[in-house]
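Below is one structure, written out as structure tokens, with a few remarks after it.
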Amino acid sequence: MERFTLWFIFLAGSLAQEDLVGNVFLFPKPSVTTYAILKAEVEKPLKNLTVCLRSYTTLTRFHSLFSLATSNPLQDNAFLLFSKPPNQCSIYINQEENVFKVDPTAVEWKHTCVSWDSVSGVVELWIDGKLYPRTVSKKASSIGFPSSIILGQEQDSFGGGFNIDQSFVGEISDVHMWDYILTPDHIQKVLFANMDFNGNIISWRSLQYELRGQATTQPKRQCKTLEHHYGLFAKCYK
């Protein structure tokens, strides 16, 4: 009965599913009503995960990039990717905050990947292909389900409890999620947009989503210089 109820909610909300390669979600203004809901193929608690995405913003205040809450009222930050400009990024695992000191970034597209392994508790943060010093969080625990996954807002309750001062303004693209830990080679494939390597829980190439408020899909119009072992090249979008 529980699974049937969840599917009914998503169908009633006009959930879309499509290949969004070459597109972005645009969040134009600070708001508590503008966000994206993602549907993940999760049917059991997660003991491993990796989330990758690209973001583009001029925000200098704190903001949420990826928010996963569970129906447990004590796990609104079951998994949260939270940016704290100019030089910090927080990763929450089952309410525990892990603060990473990161390089300040210019106003350009940024690629972020986060992985967590329950057995070891190791948390990895990769930004533009660079691995920051690892930490350990919530060893031997799991991230429960059902889950609510939101882009553009930070959840303080299951699917809600938003704060305008934590809302995301800008563009998000290439969101993928796996139920396993990506290797460094995998991270490189995702960084360089290998079309044959996509998330098995959430995939930008077959994304089930619903947009709320002023959030829209738009074509990606940006070039970014990337460094590969063959040299520098520009990754451009229409």
Side-chain angles (χ1 to χ4, degrees), residues 9-10 13-16 20 22-40 51-70 73 75-93 95 97-114 125 127-128 147-177 202 204 207-224 237:
I9 291 172
F10 281 113
S14 300
L15 192 75
L20 290 176
N23 292 278
V24 305
F25 286 156
L26 173 61
F27 306 91
K29 297 178 180 179
S31 170
V32 294
T33 58
T34 295
Y35 55 97
I37 302 169
L38 306 188
K39 173 65 172 69
V51 170
C52 294
L53 57 80
R54 300 184 200 276
S55 59
Y56 185 45
T57 182
T58 59
L59 286 175
T60 57
R61 60 165 170 78
F62 294 2
H63 55 274
S64 174
L65 291 172
F66 185 100
S67 173
L68 186 156
T70 73
Q75 288 190 332
D76 55 296
N77 291 332
F79 180 83
L80 173 64
L81 173 53
F82 196 75
S83 181
K84 295 181 173 181
N87 62 348
Q88 288 188 344
C89 182
S90 286
I91 310 299
Y92 287 78
I93 305 293
Q95 308 303 117
E97 183 180 20
N98 304 275
V99 180
F100 291 80
K101 185 175 181 179
V102 299
D103 298 331
T105 56
V107 180
E108 60 182 8
W109 278 98
K110 179 173 66 176
H111 184 259
T112 304
C113 286
V114 178
L125 172 64
I127 297 180
D128 291 334
S147 60
S148 167
I149 299 176
I150 300 289
L151 303 180
Q153 303 286 346
E154 190 271 312
Q155 301 174 82
D156 283 334
S157 61
F158 188 72
F162 306 143
N163 181 337
I164 193 171
D165 293 328
Q166 297 175 336
S167 64
F168 177 80
V169 179
E171 304 178 25
I172 291 178
S173 184
D174 299 332
V175 184
H176 292 274
M177 181 175 178
I202 292 173
W204 197 247
L207 191 69
Q208 299 183 65
Y209 69 94
E210 179 185 348
L211 298 180
R212 297 284 180 89
Q214 299 182 60
T216 60
T217 57
Q218 299 291 333
K220 186 179 286 185
R221 301 187 184 278
Q222 185 72 22
C223 290
K224 179 177 175 61
Y237 307 92

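Index from 1, following the sequence.
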Is V175 close to L207 at the side-chain level, that is, under 4.5 Å between some pair of heavy atoms? no
With side chain to side chain contact (heavy atoms under 4.5 Å, CB included) as the criterion, how do V114 and F79 come out once you've worked through the C-alpha distance, each side chain's angles and the decisive distance to 0.1 Å? CA-CA 10 Å; V114 178; F79 180 83; 3.8 Å; yes
Quick one: CG on L38 to CG on L151, what's the gap to the nearest 0.5 Å? 4.0 Å
Contacts of type side-chain hydrogen bond (donor to acceptor under 3.5 Å, both in side chains), residue T33, not counting sequence neighbours: S31
Looking only at the side chains, is there a donor atom on one of Q75 and T70 sitting less than 3.5 Å from an acceptor on the other? yes
Please name all residues satisfying side-chain hydrogen bond (donor to acceptor under 3.5 Å, both in side chains) with S90, sequence neighbours left out, ordered by chain then number. K84, E97
Applying the side-chain hydrogen bond (donor to acceptor under 3.5 Å, both in side chains) test to Y35, which of E154, Q153, R212 qualifies? R212
Rounded at 0.5 Å granularity, tell me how far OG in S83 sits from CD in Q88. 10.0 Å
A side-chain contact here means heavy atoms from C-beta on lying under 4.5 Å apart; do F82 and F62 qualify? yes
Kindly say whether N77 contributes a backbone atom to a donor-acceptor pair with the side chain of Q155 at under 3.5 angstrom? no
In the structure I gave you, are the side-chain heavy atoms of L53 and D174 within less than 4.5 Å of one another anywhere? no
Has the side chain of W204 got a donor or acceptor atom that lies under 3.5 Å from a matching backbone atom of L20? yes
So, taking the atom named SG in C89 and the one named CD1 in I127, what distance separates them when rounded to the nearest 0.5 Å? 5.5 Å
Would you compute the distance between atom CZ of R54 and atom CG of D128 and round it to the nearest 0.5 angstrom? 8.5 Å
Using atom types as modelled and distance alone, determine if a side-chain donor or acceptor of T34 lies under 3.5 Å from a backbone N or O of F27. no
Mind checking the OG-CG spacing from S67 to D76? Nearest 0.5 Å is all I need. 7.5 Å
Do F66 and I150 have side chains that get closer than 4.5 Å, going by heavy atoms? no
Who are the side-chain hydrogen bond (donor to acceptor under 3.5 Å, both in side chains) partners of T217, not counting sequence neighbours? none
Side-chain donor/acceptor of N87 to backbone N/O of D103, under 3.5 Å: no
State plainly whether the residues K110 and E108 are in salt-bridge range, i.e. N to O under 4.0 Å. no
Closest non-hydrogen atoms of S55 and L65, given as atom of the first, atom of the second and distance, are CB-CD2, 3.8 Å
Can you tell if the side chain of L80 reaches within under 4.5 Å of the side chain of S64, non-hydrogen atoms only? yes
Which of parallel (below 30°), tilted (30 to 60°) and perpendicular (above 60°) describes Y209 and F25? tilted
Evaluate side chain to side chain contact (heavy atoms under 4.5 Å, CB included) for T57 paired with H63, printing each intermediate quantity in order. CA-CA 10 Å; T57 182; H63 55 274; 4.1 Å; yes
Pairwise distance CD(Q208) to CD1(I37) - rounded to 0.5 angstrom: 12.5 Å
With A40, which residues qualify under side-chain contact (heavy atoms from CB on, under 4.5 Å), at least two apart? V42, I149, I201, I202
Under the side chain to side chain contact (heavy atoms under 4.5 Å, CB included) test against Y56, which residue among V107, I172, L26, V24 passes? V107
Using side-chain hydrogen bond (donor to acceptor under 3.5 Å, both in side chains) as the criterion, list what pairs up with Q214, not counting sequence neighbours. none
Is the backbone N or O of A69 less than 3.5 Å from a side-chain atom of S147, with the two atoms forming a donor-acceptor pair by type? no
Enumerate donor-acceptor pairs with a distance under 3.5 Å from any side-chain N or O in residues 161-168 to protein atoms, sequence neighbours excluded.
from : atom 1 : to   : atom 2 : distance (Å)
N163 : OD1    : D165 : N      : 2.8
S167 : OG     : R61  : NH2    : 3.4
S167 : OG     : I164 : O      : 2.8

Heavy atoms of V169 and P30 approach each other most closely as CG2-N, 3.5 Å
